[in-house]
A.B. asks: 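Here it is: the structure, laid out below.
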Amino acid sequence: MAERRDFNAGEFADHLASMTDEELFMLMQDLEGESDNIAVEARGTSDVFVKIALVETAIEDRFPGQLLAPYKEWQQRTNV
């Protein structure tokens with residue numbers, strides 16, 4: 001697992017801006033799955049939760065006032 005000191009939030013946010021909605025939602029789903037596998041004692045050094053927060057912000061910026069509803073709707077459509 002990459003540690004925070006190796007993680008560049010600015011570069012990651014720039015990368016998110018260039019993604020399609022579908023790519024952004026797929027990344028969020030992958031990160032959520034990854035977060036489930038992180039031991040409690042390793043959470044302080046994992047960049048996964050920072051990435052999740054940045055993806056959440058990117059989704060909320062694309063869909064003002066909807067919070068994560070577009071992502072949740074996408075999940076329902078794709079996981080049927």
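Below, all heavy atoms of this structure are taken into account, side chains as well, without hydrogens, waters or symmetry copies.
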A.B. asks: Measure the spacing between CD of Q75 and CE of M26 and express it to the nearest 0.5 Å.
C.D. replies: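 Spacing of CD (Q75) from CE (M26) equals 12.5 Å.
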
A.B. asks: Measuring from L27:CG to M19:CE, what's the distance to the nearest 0.5 Å?
C.D. replies: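 Reported to 0.5 Å precision, the distance equals 4.5 Å.
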
A.B. asks: If Ile, Leu, Val, Met, Phe, Trp and Tyr residues are connected whenever their side-chain heavy atoms lie under 4.5 Å apart, and connections chain through other members, are L67 and Y71 in the same group?
C.D. replies: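 No, no single cluster joins them.
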
A.B. asks: Would you name the heavy atoms of P70 and F63 that are closest together and state the gap between them?
C.D. replies: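 Heavy atoms only, the tightest pair is CG-CG, 3.4 Å.
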
A.B. asks: In chain order, what residues pass the side-chain hydrogen bond (donor to acceptor under 3.5 Å, both in side chains) check against E22, with sequence neighbours excluded?
C.D. replies: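 Result, side-chain hydrogen bond (donor to acceptor under 3.5 Å, both in side chains) vs E22: W74.
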
A.B. asks: So, for L31 and V48, which heavy atoms are closest and what is the spacing to 0.1 Å?
C.D. replies: O-CG1, 3.6 Å

A.B. asks: Between F49 and S35, what is the shortest heavy-atom contact and its length?
C.D. replies: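 Of all heavy-atom pairs spanning F49 and S35, the closest is CE2-CB, 3.6 Å.
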
A.B. asks: Verify, without hydrogens or angle tests, whether E23 (side chain) and T20 (backbone) share a donor-acceptor contact under 3.5 angstrom.
C.D. replies: yes

A.B. asks: N8 side chain to E11 main-chain N or O, any donor-acceptor pair under 3.5 Å?
C.D. replies: yes

A.B. asks: Is there side-chain contact between F25 and V55, with at least one heavy-atom pair below 4.5 Å?
C.D. replies: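 Sidechains of V55 and F25: no contact.
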
A.B. asks: Please report the interatomic distance CG(N79) to CD(Q76), rounded to the nearest 0.5 Å.
C.D. replies: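 Here the interatomic distance stands at 9.0 Å.
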
A.B. asks: Rounded at 0.5 Å granularity, tell me how far CD in E73 sits from CD in Q66.
C.D. replies: 7.0 Å

A.B. asks: Once side chain to side chain donor-acceptor pair (under 3.5 Å) is applied, what residue pairs with a partner in residues 52-64 remain, sequence neighbours excluded?
C.D. replies: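 Passing the test, one end in residues 52-64: D21-R62.
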
A.B. asks: Under the rule for side-chain contact (heavy atoms from CB on, under 4.5 Å), what residues qualify as partners of A9, not counting sequence neighbours?
C.D. replies: F7, L54

A.B. asks: Roughly how far, to the nearest 0.5 Å, is the CG atom of L24 from the CD1 atom of I59?
C.D. replies: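 These two atoms lie 4.5 Å from each other.
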
